[in-house]
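Indexing begins at 1, ligand by ligand and atom by atom, following the structure's order.
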Amino acid sequence: MIRLADRTKRLGTETAFEVLVKARALEAKGKHIIHLEIGEPDFDTPSNIKQAAKKALDDGFTHYGPAAGLPQLRKAIVDEVSRTRGIFVDADQVVVTPGAKPIIFFSILACVNEGDEVIYPNPGFPIYESVIDFVNARPVPLVLREDKEFRFDMEDLKKAITPKTRMLIINSPQNPTGGILTDADLRKIAEVAVQNDLIVLSDEIYGRTVYDGFKHSSIAALPGMQERTIILDGFSKTFAMTGWRLGYGVMPKHVAEMVAKLQINSTSCTASFSQIAAVEALTGPQADVEKMVEEFRRRRDAIVAGLNRIHGFRCHKPLGAFYVFPNITGTGKDSRMLADVLLNEAGVACLSGTAFGKYGEGYLRFSYANSLENIDQALERIDKAVHRL
Ligand code: PLP
């Protein structure tokens, strides 16, 4: 019997994948399931990007490339990040990774010592807490508050800081709530980060999936911040490219060198033809991205209105990402129990708010990366199931 290393006891996971397995098992038994649990766009990758990948295969981009990414993609990322964030970035500050997730793993491994404290949003993307634990640092949750449209309280942030705090993770637009941080929030957070000499990991993967005129800005653009910020972004959500495994980080040069070294020690590099397709994604026509965002907005409006009509549900209308996070305390059930009832009895797969940390209790997360017809049908089924509770 192979004994696992002690550190593995501290590794968490993403329940979304477990729920998907349960849902697939029910489907195998003939049950019809509407999938509102998965955090990926249901659209196909735009065809110009697929064409670029096919051409790249024919052109021989089938070998190893530099650990930090192909020069042409790093250059395209420099242009994109400089333009959209209003900062000057150099190519040696960019590391391309297989998906954006490794940026979380590598930057925490590179910058956080055992015993350090890392403040992270809760409810939040579960990988933050998992990796903080894994490196034997202390995860310090920063509670997101429904009455602040799922932003956090600056006083809570200030209270969470101790001499051991090393890093603060922010995520806007946010998974699982769809909440955003305002420019005023970012300014206050930046002040706190500079005063307390914190590293900020700014997860901006949903930066282009925003609605109602909201404009995403990066904390990296604020005074004193670029030298202490690691921007995480990628292609999975914006360009419907989850399976291509393409993401990147933008960070100070010495951090980028260490993140590239971690890549050499693990994945070597990101698939070369995927990277050539990513150049097309950034520099080619953007109409498909705009269409996807517009379609997400229509679905958001439908699901928010529908959930607010269901007894015991209260749903805030988010300004970003493709998730809603309704408060379900009025149903009298806890989050896990209600998510199970919806899956088993209504055939609607969603996630318990607690999949995103303990402060997710009282909420469910629905992804609206599904057609309007399916969303409408799911709403009807949820309504009926809640009546039967
Ligand atoms: N950050 C957040 C907040 C996410 O929701 C996700 C994916 O769900 C990621 C990072 C990772 O994205 P990728 O699929 O590119 O690794």
Subject >> Pair Arg297 + Glu294: basic N to acidic O under 4.0 Å >> reply: yes
**OP:** Check the pair Arg298 / Asp301 against side chain to side chain contact (heavy atoms under 4.5 Å, CB included), numbers first and verdict last.
**Re:** CA-CA 5 Å; Arg298 287 178 353 123; Asp301 291 351; 5.9 Å; no
**OP:** Collect the protein residues that have a non-hydrogen atom under 4.0 Å from ligand 1 and hand them over in chain and number order.
**Re:** Gly99, Ala100, Lys101, Phe125, Tyr128, Asn171, Asn175, Asp203, Ile205, Tyr206, Ser236, Lys237, Arg245
**OP:** Among Asp42, Asn374, Asp376, Asn370, find the residue that satisfies the side chain to side chain donor-acceptor pair (under 3.5 Å) test when tested with Arg299.
**Re:** Asp42
Original post:
Among Glu37, Arg365, Arg336, Met337, which residue meets the side-chain contact (heavy atoms from CB on, under 4.5 Å) test with Ser352?
Top reply: Arg336
Original post:
Do Thr13 and Glu18 have a side chain donor and acceptor closer than 3.5 Å?
Top reply: no
Subject >> Non-neighbouring partners of Arg309 that pass salt bridge (charged side-chain N to carboxylate O under 4.0 Å, His left out), sequence neighbours left out >> reply: none
